[in-house]
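The residues of the chain are indexed from 1 along the displayed sequence. Indexing begins at 1, ligand by ligand and atom by atom, following the structure's order. Treat the numbers as computed from the prediction; the structure is a model and nothing was measured.
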Amino acid sequence: MKKIQNYINGEYTNATSEAWLDNYNPSTGTVYSKIPKSASEDVALAYKAACDAFPSWSNTTLEERSKIMLRIADLIEANLDELAKAESLDNGKPLSLAKAVDIPRASSNFRFFGNAITQFASEAHESVGLNTMNFTLRQPIGVVGCISPWNLPLYLFTWKVAPAIAAGNCVVAKPSEVTPMTAYLLGNILTEAGLPKGVLNIVHGTGPETGQAIVAHPKIKAISFTGGTATGEHIARAAAPMFKKLSLELGGKNPNLIFADCDYDKMLAVTVKSSFANQGQICLCGSRIYVEERIAEKFKQDFVAKVAALKVGNPLEADTNLGALVSKPHLEKVLNYINIARSEGGNILFGGEQVKVKDHEDGYYLQPTVIEVANNQCRIQQEEVFGPVVTIVTFEDEAEALQMANDVKYGLSATIWTNDLNRTMRLSKQLDAGIVWVNTWLNRDLRTPFGGMKDSGVGREGGFEALRFFTEPKNVCISYAPSI
Ligand code: TXE
């Protein structure tokens, strides 16, 4: 059986303990590879390699760093087919999605930050009349930790490690133990691209063991994490006494506000995607639909008809719209939420049941599920499900829509469908969300800030925000004699 290995100091190695975890193919429900069960001694080895590499890497010219990162981007692109297939098998997502989105974006992450670092500048402040000049050095932090989740495995892993190394840091990184395969395959690409040994070290294992060891390591001074809100809270508690810099991208329960004056057909097509792309396992999915009463009946009918036409099936088949959920425990969690919704009086307009896919009977498949809900306070409206489940609630006017949209603990993203410019501005300013999309969804320019408010996280990634996170600003103040 295939054995995934750690990538430390440019070499593939087993965990020191030689212990292994099972890795499942969610589309068949079978174990298909083994993952090293790394512990604190493996994190210590990765830290040492990173620490040794830091003096040289942080002094490597921007041009050279950029060149290596662009080579990594090219190699990801050149290996698109292999990586996309690996991602699909590991995660359960449709191969078509991995090919169109996940792997191209992983390549773009390296290309974007490889270019961005050459344009990254710092400020200078002349204190006129005081004869002092201030300038800000933006120095790499040293060794940083990156911990990523399973929903967009290589996409989010590279979203963190690319800015970290672009800024001159060395990295100890851990992909999710649920989807470790593409981060493992990246090791070969890093070597081929000529990334110096120790700059990026990839350690596999569970969150509570390997992830915790990264967070607890006293010399790893910054942690960039994407994952569940409860894990983020745990990491924040562990990191706070050591004053670590933290970037936390956590859960969402994003509202999708549909007004009667919107471009209906475009809204309908995009709302199907924003509800069910990647089996609803994207922190940005619009899991709470609020629709204006005037068009609610028509919308429900049209939406359910479109959802009913989606094909749940083998992720490798070209016409599959929804593949498998990522794991058995996750499938059970989502099914449990559907039952909670039922018991709370939710009206299932479509779905709600597991799907048996031919020749893949043990895979973790679930129908896309649409639930009409009367009460904004019930659990299905308030808690992150992170699966192919969307709720519909109607509203009378803008004020009511805004009130319900903001009435959750999360604040990651929001979508507004309207052709009223004044409403667009009013709502954009008042919605509790780090990202607002108007008449679109998941449209990303990598220069823009990305992150959430409230329990959706702390800090922003993307563009220069990420480079600022991964650098320490140091002000230098020089006093000079104005005359000789
Ligand atoms: O994520 P975890 P889980 C949400 C979603 C999902 C829930 C739980 O609602 O159902 O979170 O998912 C590592 N110290 N999101 O349990 O555990 C872990 O190994 C350090 C939203 O799978 O947060 C993995 O690498 N690290 C999210 C990463 O954290 C720890 C995407 C994320 O796993 C750790 C995924 C610890 N103590 C889930 N415990 C999004 N915002 O996109 C775990 N990890």
Side-chain angles (χ1 to χ4, degrees), residues 21 23-24 26 35-40 43 90-93 102 145-157 159-161 172-180 182-183 202-217 220 223-239 244 246-254 277-285 287 325-337 364 379-380 382-389 408-413 434-435 442 450-452 454-459 461:
L21 300 163
N23 186 28
Y24 286 81
I35 316 166
K37 187 177 175 301
S38 308
S40 55
V43 170
D90 215 25
N91 173 279
K93 68 176 66 210
D102 291 75
C146 296
I147 301 175
S148 56
W150 46 256
N151 57 333
L152 303 165
L154 195 63
Y155 173 136
L156 287 176
F157 184 81
W159 180 236
K160 295 183 177 304
V161 300
V172 178
K174 190 193 95 61
S176 170
E177 64 274 33
V178 185
T179 53
T182 46
I202 304 169
V203 189
H204 297 272
T206 68
E209 192 171 21
T210 320
Q212 181 72 29
I214 295 173
V215 175
H217 196 293
I220 297 179
I223 303 286
S224 175
F225 168 80
T226 298
T229 293
T231 314
E233 184 186 334
H234 181 85
I235 288 175
R237 279 181 205 283
K244 294 189 186 211
L246 282 184
S247 171
L248 303 175
E249 298 298 337
L250 310 175
K253 188 76 186 173
N254 310 305
N278 205 37
Q279 297 72 247
Q281 301 167 140
I282 304 180
C283 53
L284 303 164
C285 278
S287 54
L325 269 66
V326 75
S327 67
K328 193 156 188 244
H330 192 60
L331 171 68
E332 284 162 1
K333 175 185 158 177
V334 177
L335 283 168
N336 188 41
Y337 267 112
Y364 316 132
R379 285 184 65 191
I380 197 75
Q382 293 289 322
E383 298 175 23
E384 185 181 43
V385 177
F386 216 66
V389 177
V408 291
K409 68 177 186 171
Y410 294 105
L412 189 54
S413 71
I435 302 142
L442 206 66
F450 176 89
K454 294 157 76 174
D455 286 15
S456 290
V458 176
E461 298 182 327

In terms of atom number and element, which parts of ligand 1 are under 4.0 angstrom from non-hydrogen atoms of Gly211? 14 (N), 20 (C), 26 (N)

For ligand 1, indicate whether the residue Ser148 contacts it via side chain, backbone, both or neither (heavy-atom separation under 4.0 Å). backbone

Drop me the distance from Cys283's SG to Asn254's CG, to the nearest 0.5 angstrom. 7.5 Å

Where is the nearest protein heavy atom to atom 29 (O) of ligand 1: which residue, which atom, and how far? Phe225 CE1, 3.1 Å

Please state which protein non-hydrogen atom is closest to atom 18 (C) of ligand 1 and give its distance, to 0.1 Å? Glu177 OE1, 3.6 Å

Under 4.0 Å and counting heavy atoms only, is there anything from the protein next to atom 27 (C) of ligand 1? yes

Looking at Lys328, I'd like to know if its NZ atom is crowded, meaning that more than 12 non-hydrogen atoms belonging to other residues, nucleotides or ligands lie closer than 6.0 Å. no

Give yes if a backbone or side-chain nitrogen or oxygen of Gly228 is under 3.5 Å from a nitrogen or oxygen of ligand 1, and no if not. yes

Which heavy atom of the protein is the closest neighbour of atom 13 (C) of ligand 1, given with residue, atom name and distance? Ile147 CG2, 3.7 Å

So, Asn91 side chain and Trp150 main chain: donor-acceptor pair closer than 3.5 Å or not? yes

Test item: protein heavy atom less than 4.0 Å from atom 33 (O) of ligand 1: no

Do side-chain atoms of Lys253 reach the backbone of Glu384 as a donor and acceptor pair under 3.5 angstrom? no

Which residue holds the protein heavy atom closest to atom 41 (N) of ligand 1, what is that atom called, and what is the gap in Å? Leu250 O, 2.9 Å

Could you give the distance from CD (Gln281) to CG (Leu152), rounded to the nearest 0.5 Å? 9.0 Å

Would you say Thr206 and ligand 1 have an N/O pair spaced under 3.5 Å apart? no

Nearest-contact summary for atom 35 (C) of ligand 1 - protein heavy atom, Å: Pro149 CB, 3.5 Å

Rounded distance [0.5 Å steps], OH in Tyr155 versus CG in Asn278: 10.0 Å

Please report whether ligand 1 has a polar contact with Ile235, defined as an N or O pair separated by less than 3.5 Å (distance criterion only). no

Heavy-atom nearest neighbour in the protein, as seen from atom 9 (O) of ligand 1, with distance rounded to 0.1 Å: Glu384 OE1, 2.7 Å

Should you measure from each heavy atom of Lys174, which atoms of ligand 1 turn up under 4.0 Å away? 18 (C), 19 (O), 25 (O)

Check Lys409 against Gln382 and note the closest heavy-atom contact, atom names and distance. N-OE1, 4.5 Å

Check whether Thr229 reaches the backbone of Gly251 with its side chain - one donor and one acceptor, N or O, closer than 3.5 Å. yes

Less than 3.5 Å between some nitrogen or oxygen of Thr231 and one of ligand 1, yes or no? yes

With sequence neighbours excluded, what pairs up with Lys244 under the salt bridge (Lys or Arg N to Asp or Glu O under 4.0 Å) test? none

Below the 3.5 angstrom mark, is there an N/O of Thr229, backbone or side chain, next to an N/O of ligand 1? no

Which one of Cys283, Pro175, Pro208 has a non-hydrogen atom at the shortest distance from atom 40 (C) of ligand 1? Cys283

Which residues pass the side-chain hydrogen bond (donor to acceptor under 3.5 Å, both in side chains) test with Glu461, not counting sequence neighbours? Trp159, Lys160, Ser224

Any heavy atom of Gln281 under 4.0 Å from ligand 1? The part involved is neither

His234 contact mode with ligand 1 (heavy-atom cut-off under 4.0 Å): side chain

Looking only at atom types and distance, does a side-chain atom of Lys93 sit under 3.5 Å from a main-chain N or O of Asn151, one as donor and one as acceptor? yes

Ile202 side, atom CD1; Ser38 side, atom OG - distance, nearest 0.5 Å: 11.5 Å

Do any nitrogen or oxygen atoms of Gly207 come within less than 3.5 Å of a nitrogen or oxygen of ligand 1? yes

Among all protein heavy atoms, pick out the one at the shortest distance from atom 10 (O) of ligand 1; state its residue, atom name and that distance to 0.1 Å. Lys333 NZ, 2.5 Å

Who's the nearest protein heavy-atom neighbour of atom 22 (O) of ligand 1, and how far? Trp150 NE1, 2.6 Å

Donor-acceptor contact below 3.5 Å, side chain Lys454 vs main chain Val408: yes

Got a protein heavy atom sitting under 4.0 Å from atom 16 (O) of ligand 1? no

Atom indices of ligand 1, in the order listed, that fall short of 4.0 Å to a heavy atom of His330: 10 (O)

From Ile35 CD1 over to Asp90 CG, what is the distance, rounded to the nearest 0.5 angstrom? 7.5 Å

